[in-house]
Amino acid sequence: MVVVMKERVTTEQVERVIAHLVELGMDVHRSTGAARVVLGVVGSGKVDPRLIEMMDGVHEVLRITEPYKLASRTFKPEDTVFSIGDVRIGGDEVIVIAGPCSAENEAQVNATAAAVKRAGAKAFRGGAFKPRSSPYSFQGLGEEGLRLLRNAANAHDLKLVTEVMDISQIEVIDKYADVFQVGARNMQNFTLLRELGRTRKTILLKRGISATIEEWLLSAEYVLAGGNTQVILCERGIRTFETQTRNTLDISAIPIVKQLSHLPVFVDPSHGTGRRDKVAPMARAAVAAGADGLLIEVHCDPDHALSDGAQSLFPSQFDRLMAELRIIAPAIGRSICLEPIARRGWAR
Ligand code: PEP
Ligand code: MN
């Protein structure tokens with residue numbers, strides 16, 4: 001931390017600040033320039049920079065270390081890579097998670113799982129507990145949805161990612177899923193994050209709808225602090241003044257987070273744009289920008305989907321996107337499910 005004193009500071013004011021910092025367990029290195037006194041502050045004490053900024057004679061306080069530790073690259077310089085069964089997250093391969101917004105019925109879940117597997121997805125997504133903006137919208141099938149999703153994932157050798165909205169759902173979801181998804185609306189549900197930190201399953205942590213990158217990394221810190229090191233960060237668009245898209249997908253968050261943190265970064269272009277015609281361009285951009293994976297909504301019959309149909313890809317569009325990603329990924333030294341399970345003609 002660096003404390004910059006005001007230009008016309010008195011010696012007593014400087015000494016009072018130094019004494020206070022020393023009392024808090026810090027070492028203070030004082031330098032006096034032509035115009036200002038600057039204090040370099042290091043140590044393991046707990047200091048609230050805003051309180052120091054309130055002291056007489058202080059111009060501003062600059063933090064030089066991140067407020068999160070376990071999530072930071074300073075703490076762990078090498079990329080975090082881990083496996084969910086035979087699927088490696090954070091390695092050279094770009095991992096694609098795809099499936100419907102919600103589990104609706106057995107036929108829909110099975111047809112969609114078959115389609116995403118054929119195109120090269122490694123994991124199946126689908127919600128059984130849905131955080132809907134309106135209490136009158138479809139809320140998900142609950143445990144029956146989990147059962148349908150798990151059966152379809154098993155039948156097609158896919159890992160299963162599903163959303164947990166509340167601590168009370170952890171136990172039942174744990175029986176079915178490989179990855180707990182924490183949705184945008186819950187990114188700062190700290191009790192939920194703490195509880196998930198006690199599990200030993202992968203947590204896919206979406207960025208909150210109006211969360212800064214620092215707040216997002218602090219939320220990841222809650223999970224890491226509980227001893228669960230398997231955290232995936234997922235950019236899913238933030239709320240801005242723009243109305244053309246459902247959210248504004250922050251592609252620049254990818255290189256920024258990869259610099260600040262060692263954790264794998266995924267991108268969800270479906271919620272990021274809200275429109276299926278914008279999903280493929282943003283998915284391509286995300287991979288080109290260095291995303292470690294994608295989370296994409298695909299539905300066997302999106303026009304009749306019970307949630308998020310407008311942003312769900314038809315299977316043929318998903319096939320085509322995967323084929324395009326197979327060209328983009330190697331250009332930046334990545335791979336992506338090199339052998340498609342079956343080649344199909346794509347609808348143009
Ligand atoms: C979802 O993935 O279906 C979802 C609800 O996402 P988000 O939390 O990003 O809105
Ligand atoms: Mn959705």
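We count ligands from 1, going down the list as the structure has it; atoms in each ligand are counted the same way. Every heavy atom of this structure was used, including side-chain atoms; hydrogens, water molecules and symmetry mates were not.
- Residue Glu297 has at least one heavy-atom neighbour below 4.0 Å for each of these atoms of ligand 1: 3 (O).
- With hydrogens and angles left out, the side-chain atoms of His59 and Glu7 include no donor and acceptor closer than 3.5 Å.
- Listed by number with element, the atoms of ligand 1 under 4.0 angstrom from any heavy atom of Lys206 are 1 (C), 2 (O), 4 (C), 6 (O), 7 (P), 9 (O).
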If you apply the rule side chain to side chain contact (heavy atoms under 4.5 Å, CB included), what do you find for Phe82 with Ile232, and how did you get there? CA-CA 10 Å; Phe82 55 85; Ile232 299 172; 3.8 Å; yes
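- At a cut-off of 3.5 Å, with distance as the only test, no side-chain donor of His304 or Glu104 sits close to an acceptor on the other residue.
- Checking only distances, Lys130 does come within under 3.5 Å of ligand 1, N or O to N or O.
- Angle SG (Cys101) to the Mn ion (ligand 2) to NE2 (His271): 170°, rounded to 10°.
- Residue Arg185 has at least one heavy-atom neighbour below 4.0 Å for each of these atoms of ligand 1: 7 (P), 8 (O), 10 (O).
- Tested against Phe266, the residues Ile97, Leu205, Leu233 include a single side chain to side chain contact (heavy atoms under 4.5 Å, CB included) partner, Ile97.
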Phe241 vs Thr248, test: side chain to side chain contact (heavy atoms under 4.5 Å, CB included). Steps then yes/no. CA-CA 9 Å; Phe241 48 82; Thr248 296; over 6 Å; no
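- Contact annotation: Cys101 has at least one heavy atom less than 4.0 Å from an atom of ligand 1.
- Taking distance alone, with nitrogen or oxygen atoms compared against 3.5 Å, Ala184 approaches ligand 1 more closely than that limit.
- Of all atoms in ligand 1, listed by their number and element, those nearer than 4.0 Å to a heavy atom of Gly183 are 8 (O).
- Interface of Glu163 with ligand 1, defined as ligand atoms under 4.0 Å from a residue heavy atom, comprises 4 (C), 5 (C).
- Close approach of ligand 1 to Arg236 is summarised as follows: ligand atoms under 4.0 Å from at least one heavy atom of the residue are 7 (P), 9 (O), 10 (O).
- Lys69 and Glu221 are not joined by a salt bridge, as no carboxylate oxygen comes within less than 4.0 angstrom of a charged side-chain nitrogen.
- Between Asp268 and ligand 1, a contact under 3.5 Å exists for no N or O pair.
- At a threshold of 4.0 Å, the pair Lys130-Asp308 does not count as salt-bridged, since none of the basic side-chain nitrogens sits closer than that to a carboxylate oxygen.
- Rounded to 10 degrees, the OD2-metal-OE2 angle spanning Asp308 and Glu297 at the Mn ion (ligand 2) equals 120°.
- Using a cut-off of 4.0 Å between Lys/Arg side-chain N and Asp/Glu carboxylate O, Glu93 and Lys122 are scored as salt-bridged.
- Geometrically, ligand 1 and Asp308 share no nitrogen or oxygen pair separated by less than 3.5 Å.
- Among protein heavy atoms, the minimum distance from atom 4 (C) of ligand 1 is reached at His271 NE2, 3.4 Å.
- Ion pairing between a basic and an acidic side chain is recognised when a charged N comes within 4.0 Å of a carboxylate O; Arg50 and Glu53 show no such pairing.
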